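These notes are about the structure you will find just below.
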Amino acid sequence: MDTSGKAITCRAAIAWATNSPLSIEEVQVEPPKAGEVRIKMLSTGICGTDEHVLKGELLMKFPLIPGHEGAGIVESVGNGVTSVEPGDKVLTLIIPQCRECSSCLNPQGNCCEKQDILPCTGLMVDGTSRFTFKGKRIYHSFRTSTWTEYTVVPEFAVAKIDAAAPMDKVCLISCELPTGYGAAVNSGKVTPGSTCVIFGLGGVGSAIIMGCKASGASRIIGVDINEEKFPKARELGVTDCLNPQKLKKPVQDVVVEMTGAGVDFAFEAIGLTDTMIAAWNSCHKSYGVCLIVGLAPAQTQLSLDAPVIVTGRTLKGVCLGDYKTRDCIPQLVTDYLQKKINIDPVITHQLPFDKLHEALELFHAGKTIRCVLLFQGQK
Ligand code: APR
Ligand code: ZN
């Protein structure tokens with residue numbers, strides 16, 4: 001049946017308010033307007049950023065359809081769309097690439113001004129939503145909203161990928177893999193023989209481990225309060241695991257002692273200000289680089305010991321691994337197909353979309369690295 005130009009009724013997860021249960025409902029998904037793409041979702045991840053949304057740590061408008069790590073097939077396109085066509089395999093991009101804004105035009109920048117995270121409008125660029133439930137407007141999250149059978153995304157937030165990509169897995173190459181792997185290889189430029197510490201050994205932290213390992217780091221210290229994350233971290237390349245709750249001293253003091261004078265590279269992949277400060281204080285005073293990958297809650301502040309800043313270490317924010325997303329993410333998918341990088345070890349669970357609640361329970365219980373939700377028709 002040709003659905004182009006018509007609203008589609010399908011199932012989508014709606015988060016009604018912060019910290020309250022989601023429900024899977026029948027929603028209407030409007031056709032894409034000019035410059036937009038409607039996508040049939042095939043798989044989606046559950047990322048720490050989605051958890052920040054559900055807990056109300058970002059200033060988002062509810063009710064909304066969560067999700068941003070998505071893989072799907074283009075169902076139809078709006079006027080003027082040239083980079084994709086119906087039938088193409090695509091990933092949704094939480095950090096888009098409009099190729100027109102100051103970030104996109106600068107060779108160093110990648111945090112496109114068309115992103116809808118800081119701040120979030122919950123709407124498409126024209127200020128309207130493509131989702132309704134019983135006639136009531138439902139907001140988008142990050143202009144991606146992937147916890148739904150169909151979504152509408154701006155063309156600049158869509159990456160066309162290799163037709164051979166396994167769609168039950170590559171959703172993680174839309175955010176988790178590049179965010180962590182890129183933080184190590186692009187943003188940090190981790191050097192062979194270096195020492196690293198990674199705070200948070202979830203999905204993003206796991207991808208950071210892979211990046212540090214691929215860069216030839218000699219010592220990779222993993223920090224997490226959930227020791228169930230340690231075996232996988234070790235498998236990926238962590239050499240020492242620390243649980244801050246079991247240490248007699250602050251974890252940053254232990255890291256400095258273990259490495260003599262502090263690490264070359266420290267990564268924060270949790271999204272808490274305390275662990276950001278611990279990461280900063282784990283760095284070597286004069287040449288350590290502290291990379292903030294986690295997203296801290298809205299309106300929080302970092303308090304650093306100001307005189308110490310002058311000694312020379314670097315504090316660097318990392319947005320999606322510094323990749324210009326539409327240019328680079330298709331290549332990462334190809335690299336995965338060519339076995340140059342591997343996302344398989346971080347996929348600990350795959351469940352049908354209908355089991356979203358079970359997936360969220362596993363996530364909250366700390367049992368998953370990444371759970372991928374699969375939609376009907378995915379192959
Ligand atoms: N100290 C150490 N580890 C912690 C702490 C803490 N205080 N609090 C939570 N953790 C651990 C969790 O046990 C978990 O293993 O941090 C990890 C977070 O992993 P995920 O929940 O899988 O989140 P992830 O998707 O990896 O995202 C991490 O990166 O991109 C950002 O917005 C994202 O801020 C989020 C961060
Ligand atoms: Zn841009």
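Order of listing sets the numbers, starting from 1, for every ligand and every atom in it. Owing to the predicted nature of the structure, the values given are computational and were not obtained by experimental measurement.
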Contact between [X] and [Y] at the side-chain level, heavy atoms closer than 4.5 Å - yes or no?
X      : Y      : value
Arg143 : Val125 : yes
Thr179 : Ile94  : no
Tyr336 : Leu172 : no
Met210 : Ile341 : no
Cys175 : His68  : yes
Asp240 : Arg219 : yes

Which residue holds the protein heavy atom closest to [atom], what is that atom called, and what is the gap in Å?
atom                    : result
atom 9 (C) of ligand 1  : Ile270 CG2, 3.6 Å
atom 22 (O) of ligand 1 : Gly203 N, 3.2 Å
atom 32 (O) of ligand 1 : Thr49 OG1, 2.7 Å
atom 35 (C) of ligand 1 : His52 NE2, 3.3 Å
atom 26 (O) of ligand 1 : Val204 N, 2.8 Å
atom 14 (C) of ligand 1 : Asp224 OD2, 3.5 Å
atom 28 (C) of ligand 1 : Ala269 O, 3.1 Å
atom 23 (O) of ligand 1 : Gly48 CA, 3.5 Å

Worksheet entry | the Zn ion (ligand 2): protein N, O or S atoms that are less than 2.8 Å away, sorted by chain |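 Listed by chain and number, the atoms are Cys98 SG, Cys101 SG, Cys104 SG, Cys112 SG.
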Give the atom numbers and elements of ligand 1 that come within less than 4.0 Å of a heavy atom of [X].
X      : result
Gly271 : 34 (O)
Gly294 : 29 (O), 31 (C), 34 (O), 36 (C)
Lys229 : 15 (O)
Val293 : 29 (O), 30 (O), 31 (C)
Leu272 : 7 (N), 8 (N)

Distance-only polar pair, side chains of [X] and [Y], donor-acceptor under 3.5 Å:
X      : Y      : result
Thr128 : Arg130 : yes
Thr9   : Gln28  : yes
Thr121 : Asp116 : yes

Is any N or O atom of [X], backbone or side chain, closer than 3.5 Å to an N or O atom of ligand 1?
X      : result
Asn226 : no
Thr179 : no
Pro244 : no

Discussion item. I'd like to know if Arg370 contacts ligand 1, where contact means a heavy-atom distance under 4.0 Å to any ligand atom.
Written reply: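 For ligand 1, residue contact (heavy atoms, under 4.0 Å) with Arg370 is present.
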Please work out, at 4.0 Å between heavy atoms, whether the side chain, the backbone, both, or neither of [X] comes within that distance of ligand 1.
X      : value
Asp274 : neither
Glu51  : neither
Cys47  : both
Phe363 : side chain

Worksheet item: Nearest to atom 20 (P) of ligand 1 by heavy atom, Gly202, Ala296, Cys319: which?
Response: Gly202
Item to complete: Measure from atom 6 (C) of ligand 1 to every heavy atom in Ile94, Ile225, Val346, Leu172 and give the option owning the shortest one.
Response: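 Heavy atom nearest to atom 6 (C) of ligand 1 belongs to Ile225.
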[atom1] ([X]) with more than 12 external heavy atoms under 6.0 Å:
X      : atom1 : answer
Lys355 : NZ    : no
Asn226 : CG    : yes
Lys285 : NZ    : no
Lys114 : NZ    : yes

Fill in: Hphob cluster co-occupancy, Phe353 + Val90, side-chain heavy atoms under 4.5 angstrom
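Same hydrophobic cluster.
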Worksheet item: side-chain contact (heavy atoms from CB on, under 4.5 Å) between Trp16 and Glu25: does it pass, once the steps are laid out?
Response: CA-CA 11 Å; Trp16 296 98; Glu25 306 286 356; 4.1 Å; yes
Worksheet item: Testing Ile39, Val29, Ile8 for side chain to side chain contact (heavy atoms under 4.5 Å, CB included) with Glu75, which one passes?
Response: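 So, applying the side chain to side chain contact (heavy atoms under 4.5 Å, CB included) to Glu75 and each of Ile39, Val29, Ile8, only Ile8 qualifies.
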Practice prompt. Kindly assign one of parallel, tilted or perpendicular to the pair Phe131 and His140, based on the angle between their ring planes and the thresholds 30° and 60°.
Written response: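 Correct class here is tilted.
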